[in-house]
4 protein chains.
Amino acid sequence: MTDQSRPGRKRSEQSRLAILAATLELVAESGYGALTIEGIAARSGVGKQTIYRWWPSKADVLLDALATKADLQIPIPDQGSFRADLARFLDSTFELGGKSPVADTLRALMAQAQIDPEFGHRFRADFLLRRRDALGTLVDRAGERGELPAGVPPGTVLDVVFGTLWYRLLATREPVDRGLAGELVTLLADHGASTAEIR
Amino acid sequence: MTDQSRPGRKRSEQSRLAILAATLELVAESGYGALTIEGIAARSGVGKQTIYRWWPSKADVLLDALATKADLQIPIPDQGSFRADLARFLDSTFELGGKSPVADTLRALMAQAQIDPEFGHRFRADFLLRRRDALGTLVDRAGERGELPAGVPPGTVLDVVFGTLWYRLLATREPVDRGLAGELVTLLADHGASTAEIR
Amino acid sequence: MTDQSRPGRKRSEQSRLAILAATLELVAESGYGALTIEGIAARSGVGKQTIYRWWPSKADVLLDALATKADLQIPIPDQGSFRADLARFLDSTFELGGKSPVADTLRALMAQAQIDPEFGHRFRADFLLRRRDALGTLVDRAGERGELPAGVPPGTVLDVVFGTLWYRLLATREPVDRGLAGELVTLLADHGASTAEIR
Amino acid sequence: MTDQSRPGRKRSEQSRLAILAATLELVAESGYGALTIEGIAARSGVGKQTIYRWWPSKADVLLDALATKADLQIPIPDQGSFRADLARFLDSTFELGGKSPVADTLRALMAQAQIDPEFGHRFRADFLLRRRDALGTLVDRAGERGELPAGVPPGTVLDVVFGTLWYRLLATREPVDRGLAGELVTLLADHGASTAEIR
DNA sequence: AACTAAACGAGACGGTACGTCGTGTCTTTCG
DNA sequence: CGAAAGACACGACGTACCGTCTCGTTTAGTT
């Protein structure tokens, strides 16, 4: 398969982990703006070439570090109602991504994705789209059940949810927490329900 | 005040405009990632010091260039209903910021605001908050009239609107156009109305 | 003795020759300054370790290549007179070392001998001294016959001969040919003879 | 002329001297093989660019350092006889170039001239040819007076002198001193004279 | 009109990081 | 166990920009 046994020394898992750990440390200490390949190599006791061999940019290292450290798996709940499913999804998403170390990293990655187009493609495909698809499953189910707000396509519902989340991260820096989750649920999932009740 | 007549040569408006023009040209040609103070100085035929004298960073130059070229003024409509006001606000906002040269610049500035904290403060205060406050006026009026969705504070309405806009710019790269405007109006302004009508 | 049958795979003569051939090719194509162990290994289809195992430096590889390709044996003539012996020695020496591919290599080796002291020792002992000793035999014989210029010790005669040769190679880049050979013979071997004739 | 006043900051003489001094120190401490631009910059407290701006290679820096520190001017004696002039020329030449710090540097430069063809041209034109021309003046004068060995063109006399000097420096590492000077005078300048006296 | 003060272009400066190349070593698989 | 393949830590390369600092020049007030 991909793991075919070739001649030559194998990739050092020890170096890989040292690089990812050093990257997170450095970002935590001095911020993404001060992150350099040179610095990662020095901190992790690794040659620069070893980094360039396996990652195309420092942002990719950071994305890998984030994915390796924080398990970014997204549970896709199925509790019968969009209201409940969305609430649970937002709670676990905000729990993971709303707090300082992870939130800071996400901000930096989204920023770098704007500045470096090649990384932008990778970030969208490997990270943003995955999470979007996870929520997309919930929203599609809700659509089939008629639980979505009228006149708003499913894709736009996704944009509203993730947009609000990212806007708080990037622009207002207000907390991304249960309060916001509740308000989004109210906006997107309660209306249909209450309308139904009215009928 | 600031315009006090001091001895010495005055700031050269010609240089200022050359710098701003060169900045926009360079971003359009090669993207923000390739923008350098060195390059701006060379393109505009100006000494580097002249740039450092008047702007704290290249992102500030770009923000200035954007503000000088594109009039970023936001009309604050008042047509009696939130539905109409929001629609008009979104139309003029998307008209301005949804198209390529301006949208690219906004992306870059939002990115830089994440990476350079000092610029981040200025960008939020000088750009993001101004636009937020403009919409805030509409939303506050709507709130007094009871036109907002129940259970969603005004601030969150703002987050939803701008969040969705920015998310499309930054993450999905789907068009930010009248279609999206209509959907947001439906989501945020129709519900209360129809509810009111039902009653 | 050295050829004793030891356990393990034997040194590959094929690899050895491929390395030496690749070395000469690369020097001919791009000059000694561009010669690298990495390049030799790539060109010859050999692992770097195989080179490091058998030669202490790239200059040693080149010296080996030169010795293997061009037979650097020096005939030591004995025709009864210093004049005739020196002439023949110089002719065969210049024939071999005065022309482009060999001369270029000799220049590079002499250069490297200055920069890398360890190779310098080997180069002097294995190459320079051998040739010097060959001529030394002739000069010693001439000394016993009283054919050397008065007041010039045998060692200095050697320095004059090889010095002039090397100086043309290294500094003036003028041809090292029969003309020069004749002039050296005149300078070093004719004087005593003509003086003898005058008496 | 060349000193035309151009706009912009002037070259820093302080940096120039610090670079040249650091270069000589480093060569003296660890040898030319360990000399790096990086090291010179670090030792002299200068940016690397400042070195690259003014010298094309580290060998050029070293040549400049040698020329600036040791006055390499060559007095051209004129005492009426080749014998006396040559003796004086060799004495002052050997005095300057035969001793350790200068001799080591000369070895390195001659070596680098073989490996880097571009530096080779400069070294020959700026250093070797100058010294050769100085002695050439003496030899030409001697030629007009009939003081040169018969059958040996003036250019070859120069090759013999400098060749012997360089050969001792590069190959045998025997001292380059008054003894050698005397022997060269005997070989090249006594013969004609004594022959003349005999007649 | 002379003087002072600031902005200007040009460009050298000390730095930092870049991404690449080559070194010599080590590890793995194959013959 | 030699030899290919190739990953590794290391160090230097030469370049690009950074932000600062002279320079000599130009342009305004202020004496």
Short side-chain N/O contact from B:Trp54 to OP1 or OP2 of E:dA6, under 4.0 Å: no
Tell me which residues in residues 18-28 of chain D put a heavy atom below 4.0 Å from DNA chain F, sorted by number, or none. none
B:Ile51 CD1 - F:dT20 C1' separation (whole Å): 14 Å
What protein N or O atoms touch nucleotides 16-18 of chain E N or O atoms at under 3.5 angstrom, if any, and at what distances?
unit_1: E:dC18; atom_1: OP1; unit_2: A:Ile37; atom_2: N; d: 3.0
unit_1: E:dC18; atom_1: OP2; unit_2: A:Ile37; atom_2: N; d: 3.3
unit_1: E:dC18; atom_1: OP2; unit_2: A:Glu38; atom_2: N; d: 2.7

Provide the closest heavy-atom pair for D:Ile115 versus C:Gln112 in the form atom of the first, atom of the second, distance. CD1-OE1, 4.0 Å
Would you find more than 12 non-hydrogen atoms of other residues, nucleotides or ligands less than 6.0 Å from B:Glu13 atom CD? yes
Tell me: CD of A:Glu13 to C1' of E:dT28, nearest whole Å? 17 Å
Could you pick out which residue, B:Ser44 or C:Pro56, lies toward the 5' side of DNA chain E when each is mapped onto its nearest nucleotide? B:Ser44
Close side-chain approach of A:Trp54 to A:Arg11, heavy-atom, < 4.5 Å: yes
Restricting to ring pair (Phe, Tyr, Trp, His ring centres under 6.0 Å), what partner residues turn up for D:Phe119, sequence neighbours left out? D:Phe123
OH of D:Tyr32 versus P of F:dA12: gap in Å, rounded? 15 Å
What does C:Arg53 touch in the nucleic acid at a heavy-atom separation under 4.0 angstrom: a base, only the sugar-phosphate, or nothing? base
From CZ of B:Arg16 across to P of E:dC8 the rounded distance in Å is 12 Å
Using a 4.5 Å cut-off on heavy atoms from C-beta on, say whether the side chain of B:Leu20 contacts that of B:Leu62. no
Can you check each nucleotide of nucleotides 24-31 of chain F against protein heavy atoms at under 4.0 Å and return B for base, S for sugar-phosphate only, - for none, in 5' to 3' order? S-BBSSS-
Are A:Thr50 and F:dA7 close enough that a side-chain N or O sits under 4.0 Å from OP1 or OP2? no
Once you round it to whole Å, what is the distance between C1' of E:dC8 and CH2 of B:Trp55? 13 Å
Output yes when at least one side-chain N/O atom of D:Ser15 is less than 4.0 Å from OP1 or OP2 of E:dG14, else no. yes
Which pairs, with at least one residue in residues 26-42 of chain B and sequence neighbours excluded, count as a salt bridge (charged side-chain N to carboxylate O under 4.0 Å, His left out)? B:Glu29-B:Arg43, B:Glu38-B:Lys48
Quick one: CD1 on A:Ile19 to OG1 on A:Thr23, what's the gap to the nearest 0.5 Å? 7.5 Å
Below 4.5 Å, heavy atoms only, C-beta onward: do D:Thr36 and D:Lys58 meet side chain to side chain? no
How many whole angstroms separate atom CG of C:Asp60 from atom P of E:dG24? 11 Å
Would you say A:Leu106 and A:Phe127 make side-chain contact, with heavy atoms under 4.5 Å? yes
With side chains defined as the heavy atoms from C-beta onward, is the minimum distance between A:Leu128 and A:Met110 less than 4.5 Å? yes
Test: ring-ring contact (aromatic ring centres under 6.0 Å, His included). Region: residues 10-30 of chain C. Which pairs qualify, not counting sequence neighbours? none
